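The structure appears below as structure tokens.
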Amino acid sequence: MIPPFDYIIPETLEEACNILWEAGKDVGVIAGGTDRVIGLRNGDHSPRLLIDITRIPELRKIEEQDGRILIGAAVTHSEIASSPLLKKYGRVLSDAAYEIGSPQIRNLGTIGGNIVNASPAADSLPPLMVLNAVGKIVSREGAREVPLDQLFKGPYETNLKPHEILVHIGFEKLSSVMRSSFVRLARREAMAIARMSMAVVLRIEKSTNLIEDIRISPGAVMPRPQRMSEVEELLKRKSPDEAILKTASQKVSGVMVRTSGVRSSTSYKAPVVEALFLRAMRSCLEDRG
Amino acid sequence: MEVTLKFILNGKPIEVKVPPHWTLLRLLREKLGLTGTKEGCGIGECGACTVLVDGIPLHSCLLLAPKIEGKSVETVEGLGGRDSLHALQKSFVDHGAVQCGFCTPGILMSAKALLDGNLHPSKEEVKEAISGHLCRCTGYQQIIEAIEAINKDVRE
Ligand SMILES: Cc1cc2nc3c(=O)[nH]c(=O)nc-3n(C[C@H](O)[C@H](O)[C@H](O)COP(=O)(O)OP(=O)(O)OC[C@H]3O[C@@H](n4cnc5c(N)ncnc54)[C@H](O)[C@@H]3O)c2cc1C
Ligand code: FES
Ligand code: FES
């Protein structure tokens, strides 16, 4: 059973910030509620008051601004999956949004909720890492911009303060010479969340056939979302042949084991993360046309 | 504390008082007497509680009631009644797509949303539209056929 609380749906960001500031303790933000309501049911938290941020206009739009794409925190996964702007300039994210849960979950769950909930298996996080996404966070105290890779402290833990609201996420548009790919282990046969994934952005210089830009971020294998910079360094300015991909894939599993430690699941996860990495890289390479 | 909600329910404007921690599912079943919408898992996994909000399929078990203020909600009761079956309901009966019937109201709503937006969905689109529903009985084949039959009817 869900314990009782009060509920406010502010129409403006200012109003929401003021309520959060003045209400003090035991107050929470709710977006779609797909994580929150389950937490309430389980008794994980029992707020006195919930602030619903889904009717604040700034949080509801996807727009293009000075070469960047801004996505409001309360935009749903369905809206991201079907956005022509994102298909063109941030495909790795819209592909991931399409893989989330079921149609009903995508219609209700938001990108902001996915980020702030900070599950190690959240599907939008690896794409946002390889897009170098930056979050805009506001409160009564002011606004701050935080690169998303600095937002996460650990599983289900961010450094967002209780009175802060994530307003939008922004990233530089991927140009047409950039290739990107998101691959996930099981394509939604099961709706369970624990699934490994891999997001990659790749740019190869046509004249030299060398890797000029490479960004790699796995999902559900490390305690918090992050890039694999060691593997990226290894691949930079190399020609993307099978031998180097193989070496890089072993490094991917090596980094995974080092960051998350050896566990009972490691012997299963290592070959899987290697295969996901190779699939993502090959899909980028084939896409070069 | 209760809040007063105004919204459209199956085409008719209504006003109702509800505690804000109730889900839409609980409001429908316990206060409005609409028990066609089912509670299966209660955690967004099975789809039995699916209703349309502004035409979009959502899990009413995860939707807090205050969220529907000013919106339009459609449940299976709005689709058709015993003597006035909706084409989808009739097709489900004709194709043996209903066995125990527990999953049926939810699936009907997802199918309605699909057909409202796309008169000629492909088999893949039909499968995708019902991918958030669990059915223990039919193995889905009859359900897919029942939905596909509708778009054929329209075409002919
Ligand atoms: C059946 C099921 C299947 C699922 N499958 C997947 C899946 O395949 N992949 C996946 O990644 N996830 C999955 N999820 C998890 C969930 O749907 C997503 O994480 C979703 O994006 C959460 O968004 P929400 O709007 O529902 O968040 P909410 O539940 O509303 O909020 C989540 C948390 O974020 C905080 N929050 C939300 N928005 C803001 C904001 N703007 N500012 C500050 N704080 C905020 C809330 O306070 C809360 O702590 C699944 C969930 C269910 C129930
Ligand atoms: S009862 Fe809502 S999804 Fe199962
Ligand atoms: S008919 Fe029994 S669950 Fe679908």
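Since the model is a prediction, treat every value here as computed from it, not as a measurement. Just so it is clear: chains get the letters A, B, ... in the order the sequence lines come, proteins before strands, and each one is counted from 1.
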Chain A contact via Ala129(B) - which portion, at a heavy-atom distance below 4.5 Å
backbone
Can you say whether Pro57(B) sits under 4.5 Å from chain A via the side chain, the backbone, both, or neither, judging by heavy atoms?
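Both backbone and side chain.
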Nearest heavy-atom neighbours spanning [X] and [Y]:
X         : Y         : answer
Gln104(A) : Thr50(B)  : NE2-OG1, 3.0 Å
Ile2(A)   : His21(B)  : O-CD2, 3.0 Å
Pro103(A) : Ser131(B) : CD-OG, 3.3 Å
Pro20(B)  : Asp6(A)   : CG-CA, 4.2 Å

Which one of Gly42(B), Pro19(B), Ala113(B), Gly47(B) has the most heavy-atom pairs closer than 4.5 Å to chain A?
Gly42(B)
Top of Leu63(B), Ile56(B), Val53(B), Ile43(B) for chain A proximity - count of heavy-atom pairs under 4.5 angstrom
Ile43(B)
Spacing of CG belonging to Leu40(A) relative to OG1 belonging to Thr23(B), to within rounding of 0.5 Å
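One gets 11.5 Å once the value is rounded to the nearest 0.5 Å.
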Let me confirm one number: the CD-OG distance from Glu45(B) to Ser102(A), rounded to the nearest 0.5 Å.
8.5 Å
For the pair Arg55(A) (side chain) and Lys67(B) (backbone), establish whether a donor and an acceptor sit closer than 3.5 Å, ignoring hydrogens and angles.
yes
Is it the side chain or the backbone of [X] that comes within 4.5 Å of chain B heavy atoms, both, or neither?
X         : value
Leu108(A) : both
Asp52(A)  : side chain
Ser78(A)  : neither

Using the rule given for side-chain contact (heavy atoms from CB on, under 4.5 Å), can you reason through Val3(B) versus Tyr7(A), listing the C-alpha separation, both sets of side-chain angles and the distance that settles it, and then say yes or no?
CA-CA 9 Å; Val3(B) 290; Tyr7(A) 202 91; 5.8 Å; no
[X], [atom1] atom: more than 12 neighbouring heavy atoms under 6.0 Å:
X        : atom1 : answer
Glu14(A) : CD    : no
Lys31(B) : NZ    : yes
Arg48(A) : CZ    : yes

